[in-house]
Protein chains: 2
Amino acid sequence: MSKTIGWIGTGLMGKPMAHHLVNAGHTVHVNNRTKSKAQSLIDAGCRWFNTPQELAKSSDIIITIIGYPKDVEAVYFGENGIFSGIKPGTILVDMTTTKPSLAKSIAVEAQKHQCTFIDAPVSGGEVGAINGTLSIMMGGDKISVDKILPLFKAFGKNMVYQGEAGAGQHTKMCNQITIAGTMIGVCEALIYAKKAELDLNTMLQSISKGAAGCWTLDVLAPKVANNDFAPGFMVEHFIKDLGIALEEAENMQLSLPGLALAKQLYLAVQAMGKGREGTQALYLALERLSSR
Amino acid sequence: MSKTIGWIGTGLMGKPMAHHLVNAGHTVHVNNRTKSKAQSLIDAGCRWFNTPQELAKSSDIIITIIGYPKDVEAVYFGENGIFSGIKPGTILVDMTTTKPSLAKSIAVEAQKHQCTFIDAPVSGGEVGAINGTLSIMMGGDKISVDKILPLFKAFGKNMVYQGEAGAGQHTKMCNQITIAGTMIGVCEALIYAKKAELDLNTMLQSISKGAAGCWTLDVLAPKVANNDFAPGFMVEHFIKDLGIALEEAENMQLSLPGLALAKQLYLAVQAMGKGREGTQALYLALERLSSR
């Protein structure tokens, strides 16, 4: 008997991901804070539920991909939340980038309901969601991971099991920490180049193929050179992620000065009213730092 | 008539580069602070000169690749230096990573002697020098660059002209600034992962193919995971480069907080007695920062 999937969260990422499941022939139930954003899925045959609670009552697997940790908390633990309607044996999957400690709390609560939990944040952005090429970092119940992998293949590509509940989120934090440092290096190099009156694109031609080479240099640096700050991934979402990483690091008594600097610089970007620009807008804060 | 090349500097980088020129059939004269380090070139038929001055007297092209800016200054401007023996029409090439402002001074002095100058620092390390796959970033006299390119093909691959004298050095600084930020991001991600009890190699499997992807993650992070801090590029040389970049940035009234942080952390690595380890040893300073 085929499993019924409950899907909560139909934003930029969630909507195309859920469509991939529908297209693969799965029965998908759907809930979202704003119903209109789920319309294309309803039109494609998904059954709409007004609350996570109601959706939980009639789903075997529940996948969430929402916004901020507080939203995730409300959807799982809140009034009319998932845990108020969940059936024993349900597999819960949270694909939001959220706190590893929250992933652990959900896993503990799931067990009380004789359910299992997987934290499975993704990387690859809206493009990856649309093209079905997301990287999925998984933590939690290994048996459930093995059960869910065939579903994930509908939108995922590089899918790696990282360990117990929270390990998926911790891995995503490692991803964001690496990007934070890389972005500082690339944007500082660009501003140095500009001040030294180099041609930015010619400079990039020299440095992008060697030991400085990185995705940020290949994809985002040419955008900066072209004065293009449109979002692939938004500053305000990155600030959320950096905040989670810093909080988790502090809980582990870990001092990460580069990450702290990155967050401060991104707050400066946000203060400039550029919170909804792409992460390459870090360049703008650095530029302002050395302007009259 | 074929040109005679004077080569000054037969260290880890210079020696294999000069050998490539000899192997390509060029007449190469050689000078080095320590004669024994040039022995393999002398054995291969290069004529030895005791001072840069003497070498300059009988060379049409002079290529230098030395250590620190002060060494470069001495070799060009010092007693028995290149300028004390140079012939009009000589093409001077400095491949040392040094100060853009020094490159400009050499160019000005060269002109007084009716000579031309190219700054052409490289990236790619000892391996690149041995395999003849160096990236060469060139600034200075464009006509001379065009003349010298056929020679550079003996050891270079990605060769890009960046503009007037100093532009090659500025581009190399952009390369090092990018690496500094990337290295902070990667090492902080690794230490976070270790503290969060992730398996480092499994974590790297998740993050290395997406937006966090970079050369440092591919090549150096697995070494850190394996506790291998042997140098590809040495901490003390990187400190020199970061110092040059910060000094040049300050001269341009440019504030680069990430670069400044990187230098401080690398000074901490050096203080631990790890100055001759590879740049990935940044991890060790971060580790100590959060140890009892």
Side-chain angles (χ1 to χ4, degrees), chain A residues 100 123-125 135 137 158 160 162-163 167 170-171 173-186 188-193 195-199 202-203 205-207 209-217 219 233 245 248-249 252-259 261 265 286 289-290, chain B residues 100 123-125 135 137 158 160 162-163 167 170-171 173-186 188-193 195-199 202-203 205-207 209-217 219 233 245 248-249 252-259 261 265 286 289-290:
Chain A
S123 154
S135 171
M137 308 159 215
N158 184 30
V160 185
Q162 295 289 346
H170 275 312
T171 302
M173 290 303 119
C174 292
N175 190 71
Q176 304 304 68
I177 293 168
T178 301
I179 291 174
T182 305
M183 198 72 72
I184 292 179
V186 168
E188 290 195 349
L190 285 165
I191 196 121
Y192 178 103
K195 203 85 166 179
E197 296 177 353
L198 296 176
D199 179 83
T202 310
M203 179 278 284
Q205 226 178 299
S206 268
I207 76 168
K209 289 175 194 80
C214 56
W215 187 94
T216 302
L217 214 49
V219 178
F233 186 62
E248 292 286 329
M252 298 189 286
Q253 293 196 296
L254 189 59
S255 166
L256 298 179
L259 181 62
L261 173 62
L265 290 171
L286 290 167
L289 207 55
S290 299
Chain B
S123 153
S135 172
M137 307 160 218
N158 184 31
V160 185
Q162 295 290 345
H170 275 312
T171 303
M173 289 303 119
C174 292
N175 190 72
Q176 305 304 67
I177 293 167
T178 302
I179 291 174
T182 305
M183 198 72 73
I184 292 178
V186 168
E188 289 194 353
L190 284 165
I191 196 124
Y192 178 103
K195 204 85 168 180
E197 295 177 356
L198 296 177
D199 178 83
T202 310
M203 179 279 282
Q205 227 178 301
S206 268
I207 77 168
K209 288 175 195 80
C214 57
W215 186 94
T216 302
L217 214 48
V219 178
F233 186 63
E248 292 287 329
M252 299 189 285
Q253 293 197 294
L254 189 59
S255 166
L256 298 180
L259 181 62
L261 173 62
L265 291 171
L286 291 166
L289 208 56
S290 299

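Order of the sequence lines sets the chain letters (A, B, ...), proteins ahead of strands, with each chain counted from 1.
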Mind ranking [options] by heavy-atom pairs under 4.5 Å with chain B and telling me who comes out on top?
options                                : answer
A:Asn158, A:Thr216, A:Leu256, A:Leu286 : A:Leu256
A:Cys174, A:Cys214, A:Gly163           : A:Cys174
A:Leu254, A:Val186, A:Asp199           : A:Leu254
A:Lys195, A:Glu188, A:Met173           : A:Glu188
A:Leu261, A:Leu289, A:Leu198           : A:Leu198
A:Leu265, A:Leu190, A:Ile191           : A:Ile191

State the CD-CD1 distance between B:Gln176 and A:Ile207, to the nearest 0.5 angstrom.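 So the CD of B:Gln176 and the CD1 of A:Ile207 are separated by 9.5 Å.
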NE2 of B:His170 to CE of A:Met203: how many Å apart, nearest 0.5 Å?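 It comes to 12.0 Å.
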Heavy-atom distances under 4.5 Å only: say whether A:Ala180 touches chain B with side chain, backbone, both or neither.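 Contact with chain B is absent: no heavy atom of A:Ala180 under 4.5 Å.
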Which answer fits [X], side chain, backbone, both or neither, if we ask what part of it has an atom under 4.5 Å from a heavy atom of chain A?
X        : result
B:Ser135 : side chain
B:Leu217 : side chain
B:Ala167 : both

Mind listing the closest non-hydrogen atom pair of [X] and [Y] along with its distance?
X        : Y        : value
B:Ser206 : A:Gln162 : OG-NE2, 2.8 Å
A:Ala249 : B:Tyr192 : N-CE1, 4.2 Å
B:Ala189 : A:Thr178 : CB-OG1, 3.2 Å

Chain A contacts, top residue of B:Gly210, B:Gly124, B:Ala196 (heavy-atom pairs, under 4.5 Å):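 Answer, by heavy-atom pair count under 4.5 Å with chain A: B:Ala196.
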Looking at B:Ala245, B:Pro257, B:Ser123, which one has more heavy-atom pairs under 4.5 Å with chain A than the rest?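 Highest number of pairs under 4.5 Å: B:Pro257.
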Main-chain N/O of B:Val160 paired with A:Gln205 side-chain donor or acceptor, under 3.5 Å: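 Answer holds: no.
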Sub-3.5 Å donor-acceptor pair from the side chain of A:Gln253 to the main-chain atoms of B:Ser290, do we have one?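 No, A:Gln253 side chain to B:Ser290 backbone: no donor-acceptor pair under 3.5 Å.
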